[in-house]
Each structure stands twice: as structure tokens, then as C-alpha cells.
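Read through the structure below, which is laid out as C-alpha cells, and then see the notes.
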Amino acid sequence: GLAINEREGNLLEAQTLRAGLDREAIVAGKVAREAASIAGGKHLSLHAAIDSMPLDQDRRERALTLFSALLHAPVYGTAEEAREAAARLEDAGIEAPVFLQSELEGFCRTGEISMNAAFAHTWLVGIRTRQVECLLDPSLVEREKARHDQIIQELTQKIASLKEERGQYS
């Protein structure tokens with residue numbers, strides 16, 4: 001019953017993420033996808049916005065690491081578009097950040113971002129996540145595909161086992 005339904009939900013999410021890796025270096029999780037969908041309008045994900053900026057490799061790494069938990073947050077070209085998106089998120093009861101392209105770029109180019117091997121920080125702290133690593137080194141995407149394939153295989157086997165177990169008791 002419940003254990004099977006939960007694992008089937010996890011399997012669907014794992015399959016969604018894995019399919020996304022065939023199209024992109026990183027894929028937004030369920031919550032980030034929902035927030036971006038509700039925010040709507042014409043926006044870039046934060047990682048795409050950073051990639052479009054004229055940053056040297058060090059600044060790019062610092063910015064991606066700093067914003068590691070927000071890589072899929074929507075970034076808008078105008079303050080009005082950003083305000084409208086924030087209002088849509090508020091109306092839906094979704095707590096998620098919205099960024100403005102020009103100010104974000106200004107910060108990424110010249111803002112103080114301290115960094116060591118483990119994390120980057122300002123008033124915000126970010127860590128070197130698997131997604132950041134994939135953006136900095138696209139060859140690592142294959143590692144992520146294999147990891148998701150393994151998760152899918154394990155979930156599929158567990159679901160089959162639970163269904164078989166349930167069949168024995170019905």
C-alpha cells in the first residue's frame with residue numbers, strides 16, 4: 001500500500017531527473033520545477049543566467065558555489081517581470097526567491113564572495129554540490145546519469161519485492 005505508493009513516487013521523480021540529464025547538465029528537482037512553473041513568465045534559471053555572464057572561471061565557480069541551493073531559481077530581465085513572478089509565488093503559497101538579471105550580474109561580477117575548498121560565502125553560504133561540479137565539469141554528467149540509473153534500478157527492484165510480498169498476504 002503506502003510503502004509501494006511512496007516508492008513509486010520516488011521512482012517517477014528519479015526517472016524524470018534521469019531523463020532530464022539527457023538534455024541538460026543539471027536538472028531541477030520537484031520543488032524547484034514547481035516554483036519555476038508557478039513563477040512563470042520569461043525567465044532563465046539562475047545557473048543559465050550565470051553561464052551567460054562574462055565571468056572568468058574563478059568568478060563563475062564562486063558564483064555557482066555560492067548559489068548552489070538556488071541554481072534553478074528564476075531570473076528575470078526586468079523588475080516588473082520579477083515582481084509579477086514573486087506575486088504569483090506568494091499567491092500560490094510558495095516560498096522561493098526571484099532574481100533580477102542586472103543586479104545579479106553586477107553582484108556576480110564585483111561582489112565580495114569568499115571561497116575555500118569546501119564552500120563560498122557572503123551573507124549567504126553555498127557549498128560545492130554535485131550539480132555545481134557538473135556545471136563546472138560537464139564530463140561528470142555521465143557519473144550522474146549512472147547514479148540515477150542505479151537509483152531507478154534499486155527502486156524498481158524494491159517495488160517488485162513489496163508487491164510480491166503484498167501478494168503473499170492477500
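Heavy atoms only: backbone and side chains are in, while hydrogens, waters and symmetry mates are out.
You'll find the side chain of Lys30 stays beyond 4.5 Å of the side chain of Thr16, heavy atoms only. Counting heavy atoms from C-beta outward, Arg88 and Asp91 have side chains that stay 4.5 Å or more apart. You'll find the side chain of Phe67 reaches within 4.5 Å of the side chain of Phe107, heavy atoms only. Residues Ile127 and Thr65 are not in side-chain contact: their nearest non-hydrogen atoms beyond the backbone lie 4.5 Å or more apart. In this structure the side chain of Leu104 reaches within 4.5 angstrom of the side chain of Met53, judged on heavy atoms. Residues Glu61 and Leu55 have side chains not in contact (no heavy-atom distance under 4.5 Å, counting atoms from C-beta outward). For the pair Glu84 and Thr78, the minimum side-chain heavy-atom distance is 4.5 Å or more. Using a 4.5 Å heavy-atom cutoff, the side chains of Arg59 and Ile113 are in contact.
Glu6 contributes atom CD, which lies 12.5 Å from atom CG of Leu11 (distance to the nearest 0.5 angstrom).
Applying the 6.0 Å contact sphere to NZ of Lys145 captures more than 12 heavy atoms from other residues, nucleotides or ligands. Residue-environment remark: CD (Glu90) stays at or below the threshold of 12 foreign heavy atoms within 6.0 Å. Heavy-atom neighbours of Glu80 CD from other residues, nucleotides or ligands within 6.0 Å: above the threshold of 12. More than 12 heavy atoms of other residues, nucleotides or ligands lie within 6.0 Å of CD in Gln157, so this atom counts as buried by the packing criterion.
Of all heavy-atom pairs spanning Ser68 and Leu71, the tightest one is O-CG, 3.5 Å. The heavy-atom pair separating Leu135 from Pro138 by the smallest distance is O-CD, 4.2 Å. Between Ala32 and His72, the shortest heavy-atom contact is CB-CB, 3.9 Å. Here the closest non-hydrogen pair linking Ala49 and Leu44 is CA-CD1, 3.9 Å. The two atoms that bring Ala25 and Cys134 nearest to each other are O-CB, 3.9 Å, heavy atoms only. Residues Phe119 and Gly126 share a closest heavy-atom pair of CB-O, 3.1 Å.
Checking side-chain atoms of Arg18 against main-chain N and O of Asp149 turns up no donor-acceptor pair under 3.5 Å. When atom types are taken as modelled, the side chain of Arg128 and the backbone of Ala117 share no donor-acceptor pair closer than 3.5 angstrom.
The hydrophobic clustering, which links ILVMFWY residues whose side-chain heavy atoms are closer than 4.5 Å, places Leu136 and Leu70 together. If you chain together hydrophobic residues whose side chains sit under 4.5 Å apart, Leu46 and Met115 never meet in one group. Residue Leu21 is grouped with residue Leu17 when hydrophobic side chains (ILVMFWY) are merged at heavy-atom distances under 4.5 angstrom, including chains of intermediate members. The same ILVMFWY cluster, assembled from side-chain heavy atoms under 4.5 Å apart, contains both Val75 and Val132. Both Ile151 and Ile4 are members of a single hydrophobic cluster when ILVMFWY side chains are connected at heavy-atom separations under 4.5 Å.
Side-chain atoms of Gln150 and Glu154 include a donor-acceptor pair closer than 3.5 Å.
Salt-bridge formation is detected for the pair Asp58/Arg62: a Lys NZ or Arg NE/NH1/NH2 atom is positioned less than 4.0 Å from an Asp or Glu carboxylate oxygen. With respect to the salt-bridge test (charged N to carboxylate O, under 4.0 angstrom), the residues Glu8 and Lys163 qualify. Salt-bridge check for Arg130 with Glu144: passed, with a basic side-chain N closer than 4.0 Å to an acidic carboxylate O.
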(message) Determine whether Arg33 and Glu13 satisfy the following criterion, salt bridge (charged side-chain N to carboxylate O under 4.0 Å, His left out), listing intermediate values before the conclusion.
(response) CA-CA 11 Å; Arg33 287 193 313 270; Glu13 179 64 10; 2.6 Å; yes
(message) What verdict does the side chain to side chain contact (heavy atoms under 4.5 Å, CB included) test give for Ile50 and His47, after you've listed the backbone C-alpha separation in whole Å, the side-chain angles of each residue and the deciding distance to 0.1 Å?
(response) CA-CA 5 Å; Ile50 289 173; His47 73 87; 5.7 Å; no
